[in-house]
**Q** 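Questions regarding the structure given below will be posed in turn.
Whatever order the structure lists them in is the order used to number ligands and atoms, beginning at 1. The first residue in the sequence is number 1, and the count goes up from there. Computation of the quantities below employed the complete heavy-atom set of this structure, encompassing side-chain atoms and omitting hydrogens, waters and symmetry-equivalent molecules.
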Amino acid sequence: MQYVIYESAKEIGDAAGKIFVNVVKQKSDAAIGFATGATPLPTYSYMISEYEKGNVSFKGITTFNLDEYCDIPKDHKSSFYAFMVDNLFSKIDVKPENINFLDGNASNSEAESRRYADAISKAGGIDIQFLGIGRNGHIGFNEPAEAFTDESFKVKLTDSTIEANSVYFSDIAMPRYAITMGIGSIMKARKIVFVATGESKAEAVRDMIKGEVTPKCPASVLQRHGDVTIFLDKAAASLL
Ligand code: PGA
């Protein structure tokens, strides 16, 4: 797999953000897959600054986020929905009705998975997907497992993920379950922009790029995708 190493997360954000902006400039009704966490923030900052400069409009796009926690209200301040509103959606001109999320409180997760897959196909499929990686090699919330997953599903989070994400929960305990797009749904995106920064990701990045394709490192499946752009900082690339 090819990858590019940058000095700083800011430079990665500018480079990754340019790819998203160019997709939207070429296809104003693009369907975009977004991710949460610290990794995408510089990319989102770049997209916001291009919007503020009048260089791009996001009013035609449709968005699909990778995952959402179960058992907390959608508008709880630690939900991924709230994260996206705070860090991107409230700062650009995306139409609220074009924002799509998996419902972490759906009573029937299989029906919810079908609903999301239908919405993605109605939007014409995801044109470009942002992906980060967990310390354990997860993408979305596809935790290390015995088999690759397909469409969206409800997942029990691992201790590693709970430890990494607990910092975002101050008033309530972090949920133990989430609903996530599956590996199959992620792999259908036409284009993937993958970003990893920081030493805590170095082992997962090595396993993803140099290791065998295995559901024990879910990100390794990206070796089989034909259009992945990988941006790393020096720390994340330190074991390559
Ligand atoms: P992070 O999370 O960007 O906050 O490190 C990435 C992930 O868990 O996929």
**Q** Do Thr149 side-chain atoms and Ile183 backbone N/O form a donor-acceptor pair below 3.5 Å?
**A**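 Present.
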**Q** Pick one: which of Ile230, Ile139, Val213, Val221 meets side chain to side chain contact (heavy atoms under 4.5 Å, CB included) with Met208?
**A**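 Of all the options given, the one that passes is Ile230.
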**Q** Under 4.0 Å from a heavy atom of Gly37: give me the atoms of ligand 1 that qualify, with their elements.
**A**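 Here the atoms of ligand 1 in question are 3 (O), 4 (O).
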**Q** Just wondering, do Tyr3 and Leu240 contact through their side chains at under 4.5 Å, heavy atoms?
**A**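 The answer is yes, as the side chains (C-beta and beyond) meet within the 4.5 Å cut-off.
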**Q** Within a strict 4.5 Å, meaning less than it, do heavy atoms of the Met187 and Leu222 side chains meet?
**A**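 In contact.
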**Q** To the nearest 0.1 Å, how far is atom 6 (C) of ligand 1 from its closest protein heavy atom, and which atom is that?
**A**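 Looking only at protein heavy atoms, the one closest to atom 6 (C) of ligand 1 is Ile133 O, 3.5 Å.
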**Q** Any chance the rings of Phe231 and Tyr6 have centres within less than 6.0 Å?
**A**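 Ring centres of Tyr6 and Phe231 closer than 6.0 Å.
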**Q** Among Tyr51, Phe34, Tyr44, which one satisfies ring pair (Phe, Tyr, Trp, His ring centres under 6.0 Å) with Phe89?
**A**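 Testing each of Tyr51, Phe34, Tyr44 against Phe89, the sole residue satisfying ring pair (Phe, Tyr, Trp, His ring centres under 6.0 Å) is Phe34.
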**Q** Suppose we measure from atom 8 (O) of ligand 1 to each protein heavy atom; which comes out shortest, and what is that distance?
**A**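 Going by distance alone, atom 8 (O) of ligand 1 is nearest to His138 NE2, 2.7 Å.
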**Q** Give the atom numbers and elements of ligand 1 that come within less than 4.0 Å of a heavy atom of Thr39.
**A**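 Heavy-atom distances to Thr39 below 4.0 Å select 1 (P), 3 (O), 5 (O).
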**Q** How far is atom 4 (O) of ligand 1 from its nearest protein heavy atom, and which residue and atom name does that atom have?
**A**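 Checked against all protein heavy atoms, atom 4 (O) of ligand 1 sits closest to Ala38 N, 3.0 Å.
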**Q** Got an N/O contact under 3.5 Å between Gly140 and ligand 1?
**A**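 Min N/O separation from ligand 1 is not below 3.5 Å for Gly140.
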**Q** I'd like to check which ligand 1 atoms, numbered from 1 as shown, lie under 4.0 Å from a non-hydrogen atom of Lys201.
**A**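 Those of ligand 1 that fall under 4.0 Å from Lys201 are 1 (P), 5 (O), 6 (C).
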